[in-house]
2 protein chains.
Amino acid sequence: MDNTPDHCRVATTMEMIIGKWKIAIMLNLIHYGTMRFSELRHVMPGVTQKVLTSQLRDLEQEGIVKRVVYPQVPPKVEYSMTEYGMSLQTILEMMHEWGKAHLQRKTQMLFSKDTDNQNDKNN
Amino acid sequence: MDNTPDHCRVATTMEMIIGKWKIAIMLNLIHYGTMRFSELRHVMPGVTQKVLTSQLRDLEQEGIVKRVVYPQVPPKVEYSMTEYGMSLQTILEMMHEWGKAHLQRKTQMLFSKDTDNQNDKNN
DNA sequence: CGGGATCCCAACCGATACTG
DNA sequence: CAGTATCGGTTGGGATCCCG
């Protein structure tokens, strides 16, 4: 009863996950808890304000991230995962682990151009 | 010791997973096993040959998908998950489940514009 | 049957400048 | 501090045609 090609529909659903920085944002929010905008920027060098803002808006609209604005003179905005967003925690952490392993794998493959003559100095 | 912002690096790693159809491809290959090119197209209406081919090439290059060409007059090419690719199975299936739930959630939210006064004509 | 070659558009992403 | 506005580059994805 699950043989119907709804795999495609699900992939479509996961479009909200894609977006170059969304995964990183969620991982950081899960890891650090509530974070200010500048803190997010700090742990994610390489992302611009505009992009970070838009990605946060997307996640907010999906109900995954909560945005709290403190109306004070130096603006202060805090982001955190919603209850619903936390339902992604396991998946995200598994992706994190897999991604790390995958990086290592790719790095190792760079050092094994010739296969077996280096047995003690493969970095 | 894991406080360093490698969350970003991992997100970068997951770039190979993103791509509008890669998740669907992998889910189908896991679900159905070995599949021919045309079979993949069949279970994924909406994807063109070019895109499907390129996404398969990406996955193949990452060592996630195996491509076997049978040199015969009507060409025959079979795709399947590699051993390494199967290490993603749990993640992919969790994404599948979450995606389905997320779709339902969004659908339900469309029917709850006003919360409780419409019980027979909610369109 | 499987897919390469081309053209093209839309979306995403980045840099910079400006604002409450 | 936390954005918005604008412009522009790059890329992914789609349509169509053609080939072994």
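What you see is a predicted model; the values in this text were computed from it and never measured. Just so it is clear: chains get the letters A, B, ... in the order the sequence lines come, proteins before strands, and each one is counted from 1.
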Rounded to the Å, how far apart are [X] [atom1] and [N] [atom2]?
X	N	atom1	atom2	result
A:Asp58	C:dA11	CG	P	13 Å
B:Lys20	C:dA10	NZ	P	14 Å
B:Leu40	C:dG2	CG	P	9 Å
A:Leu52	C:dC13	CG	P	12 Å
B:Arg41	D:dG13	CZ	P	16 Å
A:Trp21	C:dA11	CH2	C1'	18 Å

### Query
Do the ring planes of B:His102 and A:Tyr84 sit parallel (below 30°), tilted (30 to 60°) or perpendicular (above 60°)?
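Ring orientation, 0 to 90° scale: parallel.
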### Intermediate values then yes/no, side chain to side chain contact (heavy atoms under 4.5 Å, CB included), B:Leu29 and B:Tyr79
CA-CA 8 Å; B:Leu29 287 181; B:Tyr79 293 94; 4.2 Å; yes
### Verdict with reasoning, A:Val65 to A:Asp58, per side chain to side chain contact (heavy atoms under 4.5 Å, CB included)
CA-CA 9 Å; A:Val65 163; A:Asp58 292 347; over 6 Å; no
### Message
Evaluate A:Leu56 against A:Leu40 for side chain to side chain contact (heavy atoms under 4.5 Å, CB included), listing each step before the verdict.
### Response
CA-CA 10 Å; A:Leu56 282 168; A:Leu40 276 169; 4.0 Å; yes
Tabulated below should be each protein N or O lying under 3.5 Å from an N or O of nucleotides 1-4 of chain D; please produce it.
unit_1	atom_1	unit_2	atom_2	d
D:dC1	O3'	A:Arg36	NH2	3.0
D:dC1	O3'	A:Pro75	O	3.2
D:dA2	OP1	A:Arg36	NE	2.9
D:dA2	OP1	A:Arg36	NH2	3.1
D:dA2	OP2	A:Ser38	N	2.9
D:dA2	OP2	A:Ser38	OG	2.8
D:dG3	OP1	A:Arg57	NH2	3.3
D:dG3	OP1	A:Arg67	NE	3.3
D:dG3	OP1	A:Arg67	NH2	2.5
D:dG3	OP2	A:Tyr79	OH	2.6
D:dT4	OP1	A:Arg57	NH2	3.4

### Task
Remember a base hit wins even if backbone is also touched, and classify A:Gln72 as base, sugar-phosphate or nothing at under 4.0 Å, heavy atoms.
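It contacts nothing in the nucleic acid.
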### In one Ile/Leu/Val/Met/Phe/Trp/Tyr side-chain cluster, 4.5 Å: B:Val68, B:Leu52
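No; tracing contacts between hydrophobic side chains, which count when under 4.5 Å, never links both residues.
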### Query
Below 4.5 Å, heavy atoms only, C-beta onward: do B:Arg36 and B:Val77 meet side chain to side chain?
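Of all side-chain heavy-atom pairs linking B:Val77 with B:Arg36, none is under 4.5 Å.
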